[in-house]
2 protein chains.
Amino acid sequence: MVSTFAPQAAGDLNFLKKLNRSSILGTVRRYPGATRADIAARTQLTKATVGGVVQALLERGWLREGELQPRGGGRPGRALYLDDAHHVLLGADIGVRGLRIVACTLGGEVLLQRYVTEPPTTPEATAARLAAMLRDMRDDPGIADRHCLGLGVTVPGPVAPEQPILRLAPNLGWVDVAFLEVLRPYLPELDGAWLLDNEANAAAFGEFYFHDGIPPESIVYISAGSGIGSGLVTGDNYPLVPRGVQGLVGEIGHTIVQPGGLYCHCGNRGCAETLVSGWAIRAALGIADTENLEAAIAARGDDPDVNAVLRRAGEALGTLMLNLHHTLNPATLVLGGSLMHLGERLIEPALAYFEAHQNDLLRGTQRVPIKVIHDSTFTAARGAAAQVMAKAALEA
Amino acid sequence: MVSTFAPQAAGDLNFLKKLNRSSILGTVRRYPGATRADIAARTQLTKATVGGVVQALLERGWLREGELQPRGGGRPGRALYLDDAHHVLLGADIGVRGLRIVACTLGGEVLLQRYVTEPPTTPEATAARLAAMLRDMRDDPGIADRHCLGLGVTVPGPVAPEQPILRLAPNLGWVDVAFLEVLRPYLPELDGAWLLDNEANAAAFGEFYFHDGIPPESIVYISAGSGIGSGLVTGDNYPLVPRGVQGLVGEIGHTIVQPGGLYCHCGNRGCAETLVSGWAIRAALGIADTENLEAAIAARGDDPDVNAVLRRAGEALGTLMLNLHHTLNPATLVLGGSLMHLGERLIEPALAYFEAHQNDLLRGTQRVPIKVIHDSTFTAARGAAAQVMAKAALEA
DNA sequence: TTCACTTAGTTAAATCTATTAACTAAAGAA
DNA sequence: TTCTTTAGTTAATAGATTTAACTAAGTGAA
């Protein structure tokens, strides 16, 4: 299995219908305000087909009609938008330092968000806490009357590609947790699709799916927090999330960027995570796990040691960006994760290193645009919600 | 564009037909001897659909019937195989040190192969030489009466993802060459699909498509020759070849594995290619471009300098393997390229390094099987032929 | 031998999807 | 007003898979 939502390889007429419906919905998502004629041109479907599918999607509350789009000397088309009024997508992020949940519209607009800074303990206790938060949010008058399309949950570790099982979360101490099964008894009433994914994959998915401006061809999202990971999303109407045979795609924290370097908790030396990760920076600066990293570093002010550690971490991040660029060659690179709160002393060296080491392979091509998400508190949760929508769109 | 042959995102009944036909053909390719009933079970299509499509494929010379497959207490099914008798696939590999061509059956069996050790000069001269070789092979009595499905050509450098243009081949001195257009006037009579791809991508494709034994879920092929590159193939019925926005997916030669290391011709320091590549080994040992690398190294015998350089190159290769494993997480890792001719002094350290640095992320999962292709002279050309078949299968 | 049972594969009718072609609708320009 | 252009709808058509019933070909037990 390569993808979360890849179309199957063979199918019947019903499959074809789902394919086309999802494609039409994806066109409106990527090009808000598209008319039926625009959709027909982009998807290569006929006006008749598009008209019929759009009619069904309007009736089911997935699309809404907007203003007339003037055309040069012809009947104006009717703009179409994702209908933000009738459905809700739920996303939850189980982070090393707390839980975050969001409720989104089909267009990716966050209706509500909640955040608690209690580090997760056991899966059961976490599920109970998360369920309470979600039930409370679900009952909020702003969304209680919306139809819930499902819930996406992210975790800080690799998820098996075939089953929703968290394989290993070193920073939580969790191993082989089928978290959705743990959570379900606490939320029996919540219907729709239930999904589990790695935090970086979900964040990448969300940035790709709920893009602003021109739809990206592909995205690599680098999540620099307690550990460091990445997610890759490509594809046109169907976002593809390569996961690999063991769900380890993007586990760049343990790529070796400095042979013979520092020892990593994984047992190897010179892993990227020994240079650029929350735990590595804490270790280098002697900051306890119980302290808030951002506050502790701010408290030290313009300390040369701090500056050196952050610069070194930034340059390692730049190295990772270069290596990812040469290995995955994404159209867009997005930086996120809690380390971005540490600011320019980390980010600037990363961007500078990346810029300074561009090479001939890229001659004559556009530089890859880099987006820095300075506060990505809810990015993964929103990405999980995006995954719910992509899943539900096939059944719309 | 993510893939060479990905199904489009929307379509009509004819598209559905192509999808199912390709899926059925893919099932027979991956499971030779499958019966109609087996195919129906695997593809989720009905017996009626499978029966009809198989009938058409038998008539067109894509499939042939074999022996009866006994079933436990029921009518035996009829084994189906790819028909090796009626079609031919052509593949060509433009290498830094010579040209190689092959003619293959649908099953990947090489009918003929040719090799010349003239390093390519200009695109025009290379096209003329290649056309002469291909025409000569096409006229061979063994294949002259077969229907040609097309020609795949590989080049030692990144190819633009949307158009068949070689962007840059540093080792050939070629820049922005639309090689198929250069070649076409020399071979006007050759019909079928014409494809151009990077050598590592094509080799990976061939190893994935013409697999032996159990079909792999995904493959990363590392091509270690004059330079070093890699190709990735995943997917079920449709092999997917991620290329990236500029066709640079797998350009691992310029990932940085030793910050501050040796200078690379790309301008950066510590690129993988400064350690494990034909040119780096030549530079380290003072072997001229005009000499044959394998012969020169053999001539030096058990020289400690040679041993050290090869061990260092092998360990760098092992690092690359680890990093690719953590970034792309393929189900199978294949090592090929001309450096494999240098033997165990290079290969053994690579495998040992990879083995010694497995970490916790892989706990409880199967080790990645590693296949070493000791002589990959025709691997890329055969892979190009495989790509021709995949393309033609959609139109079969 | 016969019969029941199982699995493989084919056939014709039915179902469902998208397309085609003709239509209506709505705007601008002469 | 009329012509032209573009948007969107509708009814008939074409085409693909499925359904359901069939035939075919084996095993095993009475």
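Below, chains carry the letters A, B, ... as their sequence lines are ordered, and counting in each starts from 1.
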Whole Å only: how far is the [atom1] atom of [X] from the [atom2] atom of [N]?
| X | N | atom1 | atom2 | answer |
| --- | --- | --- | --- | --- |
| A:Glu67 | C:dA27 | CD | P | 14 Å |
| A:Gln44 | C:dA18 | CD | P | 15 Å |
| B:Asn20 | C:dT17 | CG | P | 15 Å |
| B:Ile39 | C:dA8 | CD1 | P | 12 Å |
| B:Leu68 | D:dG26 | CG | C1' | 10 Å |
| B:Lys47 | D:dT23 | NZ | C1' | 11 Å |
| A:Arg78 | D:dT6 | CZ | C1' | 15 Å |
| A:Asp38 | D:dT6 | CG | P | 13 Å |

| field | Contact check, side chains of B:His147 and B:His86, non-hydrogen atoms, under 4.5 Å | value |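 The answer is no; the side chains never approach within 4.5 Å.
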
| query | Going by distance alone, is a donor N or O of one side chain under 3.5 Å from an acceptor N or O of the other, for B:Ser23 and B:Asn20? | reply |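 The answer is no; no qualifying pair exists.
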
| request: Test B:Glu162 against B:Arg243 for salt bridge (charged side-chain N to carboxylate O under 4.0 Å, His left out), laying out the working first. | output: CA-CA 10 Å; B:Glu162 306 282 351; B:Arg243 306 173 174 288; over 6 Å; no

| For DNA chain C, whose closest nucleotide is more 5', that of B:Arg36 or that of B:Gly74? |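 It is B:Gly74, whose closest nucleotide lies nearer the 5' terminus.
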
| query | Hey, which of these two, A:Ala48 or A:Asn14, hits DNA chain C nearer its 5' end, going by closest nucleotide? | reply |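 Nearest-nucleotide comparison on DNA chain C picks A:Asn14.
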
| Side chain of B:Ala37 (C-beta onward), nearest among D:dT9, D:dT17, C:dG9 |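 Ranking D:dT9, D:dT17, C:dG9 by closest atom to the B:Ala37 side chain puts C:dG9 first.
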
| request: Can you figure out which of D:dA25, C:dT17, D:dT17 approaches the side chain of A:Leu16 most closely? | output: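 The answer is C:dT17, which lies nearest to the side chain.
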
| said: Quick check for you: to the nearest 0.5 Å, what is the distance between A:Leu196 atom CG and A:Leu180 atom CG? | reply: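 Going from the CG atom of A:Leu196 to the CG atom of A:Leu180 covers 5.0 Å.
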
| Upstream residue (5' side of DNA chain D) when B:Gly73 and B:Leu13 are each assigned their closest nucleotide |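 Checking each residue's closest nucleotide, the 5'-ward one belongs to B:Leu13.
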
| Between A:Phe210 and A:Arg382, is there a cation-pi geometry (under 6.0 Å to ring centre, at most 45° from the normal)? |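 No, a cation-pi geometry is absent between A:Arg382 and A:Phe210.
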
According to a strict under-4.0 Å criterion, is [X] in side-chain N/O contact with OP1 or OP2 of [N]?
| X | N | answer |
| --- | --- | --- |
| A:Thr46 | C:dT19 | yes |
| A:Thr35 | D:dG8 | yes |
| A:Arg71 | C:dA27 | no |
| A:Lys17 | C:dA18 | yes |

| Is a donor-acceptor contact shorter than 3.5 angstrom present between the side chain of A:Arg75 and the base of D:dA7? |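 Yes, the side chain and the base share a sub-3.5 Å donor-acceptor pair.
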
